[in-house]
Protein chains: 8
Amino acid sequence: MDPQNYNLDVGRRERLGFPEVIFGQNKDVHTLNSIIGAYLEKKESVLITRLQPEKHESLNPDFSGIFYDPISSVCIVGEHHKSNLVGKVGIVSAGTSDEYVVNEAYYCLQYLGIEADKIQDVGVAGIHRLMERLEDIKSFDILIVVAGFEGALPTAIGGLAPQPIIAVPTSVGTGVARDGTVALHSMLSSCANGISVVNIDNGYGAAMAAFRILNIVNNK
Amino acid sequence: MDPQNYNLDVGRRERLGFPEVIFGQNKDVHTLNSIIGAYLEKKESVLITRLQPEKHESLNPDFSGIFYDPISSVCIVGEHHKSNLVGKVGIVSAGTSDEYVVNEAYYCLQYLGIEADKIQDVGVAGIHRLMERLEDIKSFDILIVVAGFEGALPTAIGGLAPQPIIAVPTSVGTGVARDGTVALHSMLSSCANGISVVNIDNGYGAAMAAFRILNIVNNK
Amino acid sequence: MDPQNYNLDVGRRERLGFPEVIFGQNKDVHTLNSIIGAYLEKKESVLITRLQPEKHESLNPDFSGIFYDPISSVCIVGEHHKSNLVGKVGIVSAGTSDEYVVNEAYYCLQYLGIEADKIQDVGVAGIHRLMERLEDIKSFDILIVVAGFEGALPTAIGGLAPQPIIAVPTSVGTGVARDGTVALHSMLSSCANGISVVNIDNGYGAAMAAFRILNIVNNK
Amino acid sequence: MDPQNYNLDVGRRERLGFPEVIFGQNKDVHTLNSIIGAYLEKKESVLITRLQPEKHESLNPDFSGIFYDPISSVCIVGEHHKSNLVGKVGIVSAGTSDEYVVNEAYYCLQYLGIEADKIQDVGVAGIHRLMERLEDIKSFDILIVVAGFEGALPTAIGGLAPQPIIAVPTSVGTGVARDGTVALHSMLSSCANGISVVNIDNGYGAAMAAFRILNIVNNK
Amino acid sequence: MDPQNYNLDVGRRERLGFPEVIFGQNKDVHTLNSIIGAYLEKKESVLITRLQPEKHESLNPDFSGIFYDPISSVCIVGEHHKSNLVGKVGIVSAGTSDEYVVNEAYYCLQYLGIEADKIQDVGVAGIHRLMERLEDIKSFDILIVVAGFEGALPTAIGGLAPQPIIAVPTSVGTGVARDGTVALHSMLSSCANGISVVNIDNGYGAAMAAFRILNIVNNK
Amino acid sequence: MDPQNYNLDVGRRERLGFPEVIFGQNKDVHTLNSIIGAYLEKKESVLITRLQPEKHESLNPDFSGIFYDPISSVCIVGEHHKSNLVGKVGIVSAGTSDEYVVNEAYYCLQYLGIEADKIQDVGVAGIHRLMERLEDIKSFDILIVVAGFEGALPTAIGGLAPQPIIAVPTSVGTGVARDGTVALHSMLSSCANGISVVNIDNGYGAAMAAFRILNIVNNK
Amino acid sequence: MDPQNYNLDVGRRERLGFPEVIFGQNKDVHTLNSIIGAYLEKKESVLITRLQPEKHESLNPDFSGIFYDPISSVCIVGEHHKSNLVGKVGIVSAGTSDEYVVNEAYYCLQYLGIEADKIQDVGVAGIHRLMERLEDIKSFDILIVVAGFEGALPTAIGGLAPQPIIAVPTSVGTGVARDGTVALHSMLSSCANGISVVNIDNGYGAAMAAFRILNIVNNK
Amino acid sequence: MDPQNYNLDVGRRERLGFPEVIFGQNKDVHTLNSIIGAYLEKKESVLITRLQPEKHESLNPDFSGIFYDPISSVCIVGEHHKSNLVGKVGIVSAGTSDEYVVNEAYYCLQYLGIEADKIQDVGVAGIHRLMERLEDIKSFDILIVVAGFEGALPTAIGGLAPQPIIAVPTSVGTGVARDGTVALHSMLSSCANGISVVNIDNGYGAAMAAFRILNIVNNK
């Protein structure tokens, strides 16, 4: 695709308060380098999600300030945004294997200038682990709750904590749960009230949903 | 079931800030009357969702203050809650046929003491209708966006307004869209950033998610 | 179907320790009366599951000792079995709406001569309700755990109690959970170890699985 | 397969106005070379879709005039058709990642001798991008509209432009949208009137549908 | 819903050349009467699809010129549109049971002022029936091809006739084909080139797609 | 697995008239060599289906008489069976890409000593190709009809030829047809009477079904 | 539909050896009476499948010789066909509840003049019942094997009897098996060799498949 | 992930009688080495399931006592548990290809100190093989029954043996059975009474379910 055909949404930050983000999975390196270059020329930093390691290694070496997290495949080129939004997001996850999604949310929040912390490995199969961290969990303004397999963690937290809860199903699982659909459906049909859900493995979407909430919290 | 076997979660309001709600669809009238009676005895009002019209008509006539909306099948027995939460929720919907879900969200918010307004019939197939109401839409603190069929409305609004968006798919549709799954999946995979989603037809869940957000907005 | 074409499995009790059970849902009243009559003639009692109320009312009035539970649609004609199996089964359920499955398990166990108790309405959304009953729950030899919607209850109990757990998903739910598949898949992919699962709404199958376990417990 | 077993449909152009096209994905190079050779012998050019790059490189080097587009995996051996069909097709797409389908349609139209242009990256999440190009879009005789993820673009265009719209869902997406089914279903159940749809990723089929329409436009 | 909340899209005819159409299935009679009344006041006729017979009988008796086809559940209140679009649409169907969809397309075309004819009962299982009508079929400008079960008719016609083909799957079928998905998928993956497809049972959508084509045919 | 644990079903030929067949796909080379060796020791030849090429190359080089067809991945070690069954099977397929399934059926029939012929590339999209071969097709005793994509070929043949028809769906297809389910469902719901179907890509199963029929033809 | 639009396939018997059959489920009584009348005028008898009881009662009382089986909803108007086909079909079923499908096959065979017998209630859960009838089962020329739930009966018979086996899944079942898909898939993926399958509940299709086989048996 | 973030559930053995087990599939080698090291430091042995061969080879060479079974991908580091639980588990499987699941169950039981034996290759397609081993099978206290494809083995055993039966579906199969769902659904809807089921390929879960039963057997 000719670079002049790219249709960068450079007005998004003005409209929505946050910048456009690049979905790296299906784009080739040539396209990615063109897009990143176009942003850097406008003195904008860029967040790229789902960037395969081999593409990361082929990015234009002239770009300075490339950050890459191999667990989540998040890549940031340039500076983090400065945000004056007050509020802290807790990212709580069920198992160690969910870390790739936890990190996608975490680094997106960092890029947006939002304060965030991780509480991992507190799945429902050993509920005492959750109970021990409950006060910590309740100290956040917003909770992003990440789980694969049967995805029961948001339900348990939803009955214990009054914060906004953004549930993220992961594709960690075996057999019927092998693609994350079980966790997704479990979270959507949770008996706990007022949980909302984003797409499977969509740590980035959860971060953006948290951003929208902090936006209104701070503008009130 | 013997009334003494009911396990009312009367502490929920203290834990989460909002009361338990009764899912009326699968309960028989005898059970419902017992549960309602138990709440009224504790001087608590009750919200019942998915109460079929014939059950509404068989509720104990001694109960005073029964409100019933036949479009959404929401029933409220007793007073609305007094809330001092500041903030207003906009419920935006794509078509006239989605009103049963719009109303479920609307009356749940009323019961919780939250201010809300409806903007209906602004679906994407005639996008000028949406554009004409855009300023109104952007005036709310939180948006609940309701759509059936292909469920494109939250995507369009998500690109235009910076508020938290809780998308609710409805089971209004034909052919492949006949059970609401298309709208659900469309909302989950929206290109617009930061939209979160609740279960099909779950107006009540959307209201509760809005409540959780207003909770943190007001406690900040 | 001519009565002489029925192929009653009268040797099942000898082979397996428990008698044949009649699946009533798709059989007409004429067939059912013939089958019941054939059993009674052999001095055997009969258990019929999924017997619609209108069929119950049309059973041959000459049969004596008809028991019918309208919640679970279980019908028993004749005496309960005498069992000398030691051991007690706890039937634990998430919500009031699951009672039709709880009762199917309960009356099947009664028919087989097995001691059983119900603990209802202890779903995960209010986990304190579960914790308050935990000692009771741990006092049983076998647990049948029944839940609809997201089906998280067996996971929570599985992490807290060492007993054999037979999980039963119910078709109580809305939206994506409307047919019980979400609860089924959630239980199959539970992070809690060693939970086994029966078909959606299959309280009877759970009772039989418990019987098989007590069988070996008592023969050891 | 012995070459004499191939059953080339050489009369298709006479019957339908357009030639047979080879589906390259499941055929081995030996078979492909035989088929291409058979066409070239009859002085016919050939269009091959879904030709993997490694197969392209193993085509018979004696063939002259091989064109290959690595983005869409379209291969053309021989001359483009001369067409005297008047009319112009616009290929509109939601995101940069959809280009492999855009190009499949584009090169098929070129091969058939139909004039076509591309308008890319005008997805609904930033609807101003679409609005800015609306007059261009309305200048075409037929629109092929390509989108992945939630596939909302044809709905938006369908409400704004009166042309025939052939919608093409792509398998660009993550989570529930990972195989293109969400975009397909979204397009099929669009609230916009009169949109017709082809299979997932089927740029070629869309080009052929456009050809059929131009056929009748020109014969009227 | 208060009548003043209806958001009639009265500018649709100007934008797209055809008027808004009312989806009757989920609207109650009160709402329908209000909408129809609003149109009649503006001297516009109205087309209502999927209008259940009992609703048809409860329409406001003051409305004059109500047409109702009980096979397709199409209702038209007021005059047919005058169209000067030249061109004729053939509606071809596989079996007698598909007539409800054939008629939905037929009456919608009549309402739009488009000439149309039906050729029914020419399914592929007796392909001589199709062959006998082939010249008739090839005489139309556009073909709407309707089939249930395995939906093979559009494929057979697609290989024999060069016209634009709009395929409509119906929900006529048993077993795996019981909801029309088999016919839909069969049409989408047809080996015949350039067939486009609308939603299951969507005769109305097919009529609108034909309208869009005739639009461009006549404006060329 | 220890060779002594294999449970060869050496009596199958006596019971059913045909020998056991080895499913090669999930077995490792060590296991396959042991099983083949055990058969050869009993002076039995062996048919192995779905044998990946790299496993074929690692078979024990001491085995004599190894036949391998790389298109179908069928491997035969030892002699073909001598059969005195009279009757001839026609294997008819829609496209060149279906040859891997055609060959699986063909070589299995050869191994069983049954006469068979192939008629390929006569798909419904160019129905004249089918009509030209119709007399040939009607000359067989049994028809195995193989097709991918929309799988319409068995329907067309079923309406034209009175023979037993065993339909085999293939996983050749794209988009919704990518795994063969569309062809399978299309064949199961065919309007043509008396077609029976085997699993996706199951050329071997079709051969065995043909064998069972010839068995009874010859024993009558 | 105007009677003159019916496209009776009166040449089917000549082409295929068996007559056209009417699918009654979606046709209204008026249409059915017209079709039956047209056949009777040609001195042909008619078989109608899936005729709801209330439609049976509304058939034209002038028709003579109406046979109706309320279990299978098969209706025959006029004489059974005289057939000189030698051979006998065994219809074997797993449970009493499958009788509606058994009867559909049985009466279709009767209508076609084919000899048939039923062996019911020999499901795999009590395999001794099957073993006791094995010699009877092996005495038929062709076996139609009918089962719901997990559909294991054809597999068990397939390993014991060498005849052609036409497996028919039924929609008798609960939970995951509620619509017959489990039995269908189970039969398609059976480890027993050479079983072929027809659509869910398709007793009629199985009868026709048996007819095709007897056709070739008798013509050999 | 920082090692200090791991949340080892070291109290699980005390709570449930069995230790935590590590799911190796999605964890990288660095994480696995840290977790294993942490257990070894506490003088605990570790069981890791689904450990890919290349990860096994990269485990810290300082760990002593690493056992690895390449068929099941089970890895054990350290000593087997000493158990004084009396009782023996039989692991019965349908085909040689199911061995990877058989072994997962087998080595988990070994690790837990439970006596177990394997009976392989007794699938239902040759039911005499099952009958020959029936007395052996009935000699166990608990049966784990493993099968892929149509998964009929648990049903057959369930009708013949009175023990507790834990059914394990495997993903061995082709076409519709390619991912194990057919076997899973078949087992869930088995006509045999009292079978319970674990997730696809979940040999480990079956072992744990057996452990829970032996626990209660021994504590009675």
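Letters A, B, ... mirror the listed sequences (proteins, then strands); counts begin at 1. Bear in mind the structure is a predicted one, so any value in this text is a computation, not a measurement.
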Checklist outcome for this item: Taking every heavy atom of F:S186 against every heavy atom of E:S186, the minimum-distance pair comes out as OG-OG, 4.1 Å
Checklist outcome for this item: From the list F:V182, F:N193, F:I157, the residue making the most non-hydrogen contacts under 4.5 Å with chain E is F:V182
Next on the checklist: Please tell me whether F:S189 and E:E150 have a donor and an acceptor in their side chains that are separated by less than 3.5 angstrom.
Outcome noted: no
Item to check | Greatest number of heavy atom pairs closer than 4.5 Å to chain F - which of E:I127, E:T174, E:V124, E:V176 | outcome: E:V176
